[in-house]
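Just so you know, these numbers use all the heavy atoms, side chains as well, and skip hydrogens, waters and symmetry mates.
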Amino acid sequence: MTAQGTRSRGGDVVLAAGIVMVAVQLVWKYELVRRTFFRQDDFHYIIRGQESGFTWDYLMWVDVGHLLPGGFGISWAMARLGGYNEVLAHTMTIALQAGAGLALLRLLRVLFGARPAILVPLGFYLLTPMTIPSLSWWAAVLETLPLQLALPMALSSHVLYVRDGRVRHVLAACAWTLFGLLFFVKAAFIPILMLVLTAGWLLPGSADQPTATSAGRLTAGWKRLSQGWKRVWRYWRAWLPYTALLAAYSWIFFTGLYNSVQINNRTQTPGLPDPAVAGEFFWTLGSRGLIPSALGGPWQWRPIGDDYAMAAPPDALIWAGPAIAAAVVAVSVRWRRRAWLAWSALLGYFLLADVVPVLLGRIELLGPGILGYELRYLAATATVVAIVLGLAFIPLDGEEHPWLRPRTRLRWAWTPLAAAVTAGSVWSVAAYADRPLGRTVRDYVGTATLALTRVPRGTAVLDTYVPPGVAAAAFFHDYARHSKVLGVPDPWPVTWLRELSGPVPNPLTFDAQGRLRPVAIRGLRLPQRGGCVPVGPSEVRFRLPGRLPGGVYTAQISYLNSAETTLSIRLGLGVTEVPAGKALGRTFARIAGEGAELTIRTTGNGPPACLGEIRIGHPVPDETAPAIPLQPVDS
């Protein structure tokens with residue numbers, strides 16, 4: 001058998017092994033993905049997709065620095081394909097994960113050839129916990145997984161163009177870059193990675209020559225890099241369309257950024273925070289996020305509700321991580337040519353793509369002490385880390401003089417570290433999955449949906465906010481109301497009430513488990529003894545059993561009237577008017593004020609009223625009344 005045939009068979013084995021590794025991690029990760037459900041931004045995206053047409057303004061809306069027309073297009077379709085379609089969402093997630101793994105395998109094979117060593121960076125990407133939190137959040141999947149697919153595919157096409165000069169590879173690189181930009185602004189850094197890769201490794205006829213001294217090697221390295229930047233412009237046929245693509249995208253992004261009105265009715269005005277805040281976030285995200293997760297961590301997680309978690313690495317491992325990372329970098333720089341450039345590229349990508357966008361966007365909302373532990377910001381960086389590992393330790397296919405020193409018997413010394421990283425990664429992912437994940441939100445939405453099917457058409461339902469674990473009202477405002485969250489894919493034929501005002505018959509509200517119960521007013525109760533109290537055009541004072549501080553309250557007033565009338569109710573300086581019906585009933589009034597008494601009168605020339613029990617406070621579900629349904633859904 002010829003040497004070429006042997007290499008071909010060896011390459012086929014490596015390719016087959018890589019495909020098997022991708023398939024195995026899909027089975028492994030599907031066990032986590034299938035247990036997830038929609039959460040937070042997911043509801044906002046799908047509800048907005050239901051309410052909007054498939055228009056330019058809808059697709060190009062910038063959501064707190066996120067421009068993802070591709071994601072909004074999928075959300076628009078999802079709203080019309082059953083709304084919260086778990087099967088479709090999970091299938092899309094696994095399909096994108098498969099594509100991302102195969103795309104990275106292709107890039108590693110294009111760069112380094114089909115040698116067994118490429119299975120190491122591939123294995124890192126497939127195992128690293130860096131990508132796990134984003135897999136449990138569908139809105140994050142819409143951003144990060146398309147980029148994890150687009151980045152290696154675009155780089156592969158660019159490498160092929162540099163090698164054979166065919167323009168079709170440039171067109172493919174542009175298409176994949178555009179695909180990434182449709183989902184995540186971080187795809188704008190793909191051409192920058194192409195530029196660094198070209199100048200540092202891909203230029204023909206510029207291989208480093210062996211030199212005797214460290215100073216000579218350093219001088220030669222800088223000289224080659226300088227020459228590389230000069231010769232890189234020979235590929236203007238690639239840089240011209242890449243630049244045009246980024247320019248067009250930047251114009252669209254910044255136009256949308258300054259024109260998009262957020263759900264809190266504000267426009268976005270990005271700005272850098274205090275340098276101390278920026279430095280703290282950079283250090284925290286690097287030392288608590290990037291480095292531990294690259295080494296198999298974080299090993300422990302900080303739960304955010306039942307369905308999400310942030311990194312919480314132990315203190316001892318936080319300090320050990322940078323030391324281990326520094327040792328890995330030092331070894332690669334000592335033996336592998338241009339390893340320093342690979343690590344510099346990773347540091348630059350981390351700073352520009354992971355740190356700066358957060359500093360410009362939401363660091364003021366939650367602060368570096370929280371966001372610095374958010375691995376979701378690093379999901380796409382896992383692909384870059386895998387590529388950098390390859391560049392720092394594996395010679396490119398056909399590269400001359402890849403090593404600074406002769407290879408030694410210690411070249412397998414990395415295997416214990418790889419085994420430890422593998423074990424830590426499996427442990428960390430298992431620890432993340434050891435929580436309810438989407439079950440709590442799924443059960444709540446399922447219970448509330450079932451409750452709405454069991455009440456008559458037109459039933460009055462108080463339109464309160466869903467629990468913060470489903471969608472936080474502080475961030476999503478009206479999109480966190482029950483009428484919005486449960487109104488997908490079709491609105492319910494009930495009467496949604498933002499507030500209780502007037503004689504509402506038998507209003508219902510949702511309890512903490514998603515069941516419907518009658519409304520009760522929790523607060524102060526003023527019973528009337530000996531029948532009802534007549535109230536006419538002159539104010540009647542009702543002394544409360546306690547003083548109410550300043551706030552907005554709901555009053556429930558029982559009455560027995562001979563005719564319909566209107567009541568004027570005053571609490572301190574706050575005054576409101578509500579109708580009161582005929583015969584026996586009750587009316588509700590929403591009033592802002594403070595004080596220890598209510599004063600009530602009838603208005604105009606209306607008939608007098610006769611008032612019974614008065615309650616004032618806040619509407620809550622009556623836990624003593626029967627619930628609809630009797631038992632919550634339990635998945």
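Judged by distance alone, the side chains of W343 and S332 do bring a donor and an acceptor atom under 3.5 Å apart. Under the 3.5 Å distance criterion, with hydrogens and angles disregarded, a donor-acceptor pair is assigned to the side chains of Y125 and Q148.
Looking at heavy atoms from C-beta onward, Y349 lies out of side-chain contact with I192 at the 4.5 angstrom threshold. A heavy-atom distance below 4.5 Å is found between the side chains of F38 and E86.
Ring geometry for Y58 versus F54: interplanar angle of 30 to 60°, hence tilted. Classification of the W61-H44 ring pair by plane angle, with boundaries at 30° and 60°, yields perpendicular. Using cut-offs of 30° and 60° on the angle between ring planes, the pair Y444 and H482 is tilted. Taking the six-membered ring where tryptophan is involved, the planes of F282 and F350 are tilted, since the angle between them lies from 30° to 60°.
D42 has no carboxylate O lying under 4.0 Å from a charged side-chain N of R39, or vice versa, which leaves the two without a salt bridge.
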Exercise for review: For K484 and E51, run salt bridge (Lys or Arg N to Asp or Glu O under 4.0 Å): C-alpha distance rounded to whole Å, both residues' side-chain angles, the deciding distance at 0.1 Å, then the answer.
Suggested key: CA-CA 10 Å; K484 296 282 190 178; E51 296 177 342; 2.5 Å; yes
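A donor-acceptor contact shorter than 3.5 Å links the side chain of H90 to the backbone of T36. W176 places no side-chain N or O within donor-acceptor distance of the main-chain N or O of L149, the cut-off being under 3.5 Å. Using modelled atom types, one side-chain atom of R80 and one backbone atom of G49 make a donor-acceptor pair closer than 3.5 Å.
Remark: R48 is not positioned above the aromatic ring of Y479, lacking an NZ or CZ atom under 6.0 angstrom from the ring centre and at most 45 degrees off the axis.
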